[in-house]
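To keep things clear, I will list the structure first and then write my remarks on it.
A, B, ... follow the sequence lines: proteins, then strands. Residue 1 opens every chain. Heavy-atom basis, side chains included; hydrogens, waters and symmetry copies ignored.
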Number of protein chains: 2
Amino acid sequence: MTSTRPRRRADAERSIARITAAARDLLSRDPDATIDAIAEAAGVGRMTLYGHFKTRADLVEAALVAVLEAGEATLSAVDLSGDARDALSRLLASSWELVAESAALLASAQGVLPAGRIRELHGGAGDRVAELVRRGRDQGVFRTDLPVDWLVNVVQYVLHGAAEEHRGGRIATADAARIVDATVQSVLAAPSHNPHT
Amino acid sequence: MTSTRPRRRADAERSIARITAAARDLLSRDPDATIDAIAEAAGVGRMTLYGHFKTRADLVEAALVAVLEAGEATLSAVDLSGDARDALSRLLASSWELVAESAALLASAQGVLPAGRIRELHGGAGDRVAELVRRGRDQGVFRTDLPVDWLVNVVQYVLHGAAEEHRGGRIATADAARIVDATVQSVLAAPSHNPHT
DNA sequence: CTTATCTCGTATATTCCCGTACGAGATAGG
DNA sequence: CCTATCTCGTACGGGAATATACGAGATAAG
């Protein structure tokens with residue numbers, strides 16, 4: 001992203017930033033949000049938006065890229081060393097809202113962007129969580145009786161569900177982190193004994 | 001003003017059954033499935049469909065009612081007595097796909113049907129699962145550190161996710177039941193010790 | 001200041017889907 | 001066999017959303 005854009009004015013840059021922010025915000029809640037609505041939320045005219053994003057798919061992709069980059073930044077800022085359970089707690093605490101949002105946006109993009117493109121963009125995010133899960137297995141603190149991919153997906157689903165419940169006001173912001181952590185830890189934990197069967 | 005009895009012919013009955021089945025199938029996967037697509041999947045013409053369901057909301061409601069009735073039938077056929085963990089296993093084994101489908105269809109109906117109508121239809125289904133969770137708590141085998149409503153929702157989310165993974169061919173039919181059971185049991189189980197923190 | 005760039009309104013074309021109207025042909029059921 | 005019922009095609013109108021065309025005015029950058 002360095003250097004020679006022949007000519008892009010500062011206000012244009014600002015408009016683009018506001019549009020992608022609004023797109024992230026609205027598309028996370030309603031996958032079918034109107035371009036009009038996004039433009040209005042961004043505080044720009046519809047035609048301005050079209051000036052920067054030729055088609056709806058372009059806009060969705062831009063929003064997805066933005067949120068995934070933010071997610072990557074957050075993930076890489078978290079200390080993932082030490083006990084995998086503690087690392088997981090730190091990861092969830094600092095990023096559960098963001099990850100949940102990215103999941104919603106991902107679902108938004110599902111039918112608008114080609115599947116290959118999505119997987120390409122999403123690539124790194126899930127891999128990092130998978131890596132953490134694998135490390136926890138090697139430490140003997142995470143379960144080995146279920147596939148890693150499935151466990152990673154369950155984490156996603158729990159986060160998504162928590163975000164939805166939170167938006168609906170059915171769980172408070174203060175409790176959310178604790179609830180998410182307790183739930184996810186239970187799913188990943190290695191069975192301490194043989195509790196049943 | 002021809003006041004004729006609503007006497008229905010056998011072939012009409014058959015068409016209706018095929019339409020609702022197709023609606024269940026398509027709407028569970030894509031909430032925005034078109035009426036054309038549903039008619040085509042049902043093997044009937046679009047106008048035939050309109051002959052039985054005047055509006056889209058009618059069709060969605062019919063599909064929702066059908067799947068909820070099937071769910072109710074399945075739930076009441078399962079023996080929910082004895083150890084709550086075993087009861088939960090029996091419930092999941094015999095109905096996890098159905099419950100997942102009902103959840104997906106419920107999401108479809110969100111925004112098409114008035115909220116009151118949905119709650120009215122959905123009434124019993126979730127309550128029974130919640131009741132089972134409460135019973136497990138009283139038995140001391142299910143956790144008490146998280147809200148019942150949250151736990152019920154997590155079960156829904158896990159089932160939904162499993163159905164999606166299964167459709168995408170990422171988990172095999174044979175493994176699905178085991179994976180779902182193991183995951184859900186972990187979430188609901190009362191912590192055997194204080195494993196961490 | 002000058003210019004290229006950006007903003008943004010109006011108008012219009014297009015596409016998609018819903019729902020209705022009309023009517024001809026097929027079929028169940030007495 | 002006769003009739004009410006059902007099937008289903010074509011066609012039309014309404015509405016919503018996407019996307020393009022044209023152009024006038026505002027503004028950042030050199």
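Looking at residues two or more places apart in sequence or on another chain, you find a side-chain contact (heavy atoms from CB on, under 4.5 Å) between B:Ala37 and B:Leu26, B:Thr34. Partners of A:Ser186 according to the side-chain hydrogen bond (donor to acceptor under 3.5 Å, both in side chains) rule, which considers only residues two or more places apart in sequence or in another chain, are B:Arg143. With sequence neighbours excluded, the residues that form a ring-ring contact (aromatic ring centres under 6.0 Å, His included) with A:His166 are A:Trp96. Applying the side-chain hydrogen bond (donor to acceptor under 3.5 Å, both in side chains) criterion to B:Gln139, with sequence neighbours excluded, gives no partner residue. With sequence neighbours excluded, the residues satisfying side-chain contact (heavy atoms from CB on, under 4.5 Å) with B:Asp79 are B:Ser81, B:Arg90. The side-chain contact (heavy atoms from CB on, under 4.5 Å) check on B:Glu165 picks up A:Trp150, A:Asn153, A:Tyr157, B:Arg170, B:Ile171, with sequence neighbours excluded. The side-chain contact (heavy atoms from CB on, under 4.5 Å) search around A:Asp149 returns none, not counting sequence neighbours.
Under 4.0 angstrom from either OP1 or OP2 of C:dC18 there lies no side-chain N or O belonging to B:Lys54.
Across the protein-nucleic acid pair, A:Tyr50 atom OH and C:dT10 atom P stand 17 Å apart, rounded to whole Å. Distance CG (B:Leu49) to C1' (C:dC17): 14 Å, rounded to an integer number of Å. In this structure, CG of A:Leu59 is placed 10 Å from P of D:dT18, rounded to the nearest angstrom. Taking atom CD on A:Glu40 and atom P on C:dG9, their separation rounds to 11 Å, with Å as the unit. Atom pair B:Phe53:CZ and D:dC6:C1' shows a separation of 14 Å (rounding to whole Å applied). Distance, B:Arg56 CZ to D:dA16 P: 16 Å, rounded to whole Å.
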Return all side-chain donor-acceptor pairs below 3.5 angstrom for residues 122-132 of chain A, not counting sequence neighbours, or 'none' if the list is empty.
from, atom 1, to, atom 2, distance (Å)
A:Arg128, NH1, A:Glu72, OE1, 2.9
A:Glu131, OE1, A:Arg134, NH1, 3.4

Enumerate, atom names and distances included, each donor-acceptor pair closer than 3.5 Å involving a side-chain atom of residues 44-59 of chain A, sequence neighbours excluded.
from, atom 1, to, atom 2, distance (Å)
A:Thr55, OG1, A:Ala57, N, 3.4
A:Arg56, NH2, A:Ala33, O, 2.2

Atom pairs, N/O to N/O, protein against nucleotides 1-3 of chain D, distance under 3.5 Å?
none

Nucleotides 7-11 of chain D: which of its N/O atoms have a protein N/O under 3.5 Å away?
from, atom 1, to, atom 2, distance (Å)
D:dT7, OP1, B:Asp11, O, 3.4
D:dT7, OP1, B:Ser15, OG, 2.4
D:dT7, OP2, B:His52, NE2, 2.8
D:dC8, OP2, B:Gly45, N, 3.4
D:dC8, OP2, B:Thr48, OG1, 3.4

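Residues of residues 30-39 of chain B having a heavy atom closer than 4.0 Å to DNA chain C, listed by number: B:Thr34, B:Ile35.
The local environment of CZ in A:Arg119 is sparse, with at most 12 non-hydrogen atoms from other residues, nucleotides or ligands closer than 6.0 Å.
Shortest non-hydrogen contact noted between A:Ala63 and A:Leu27 is CB-CD1, 4.5 Å.
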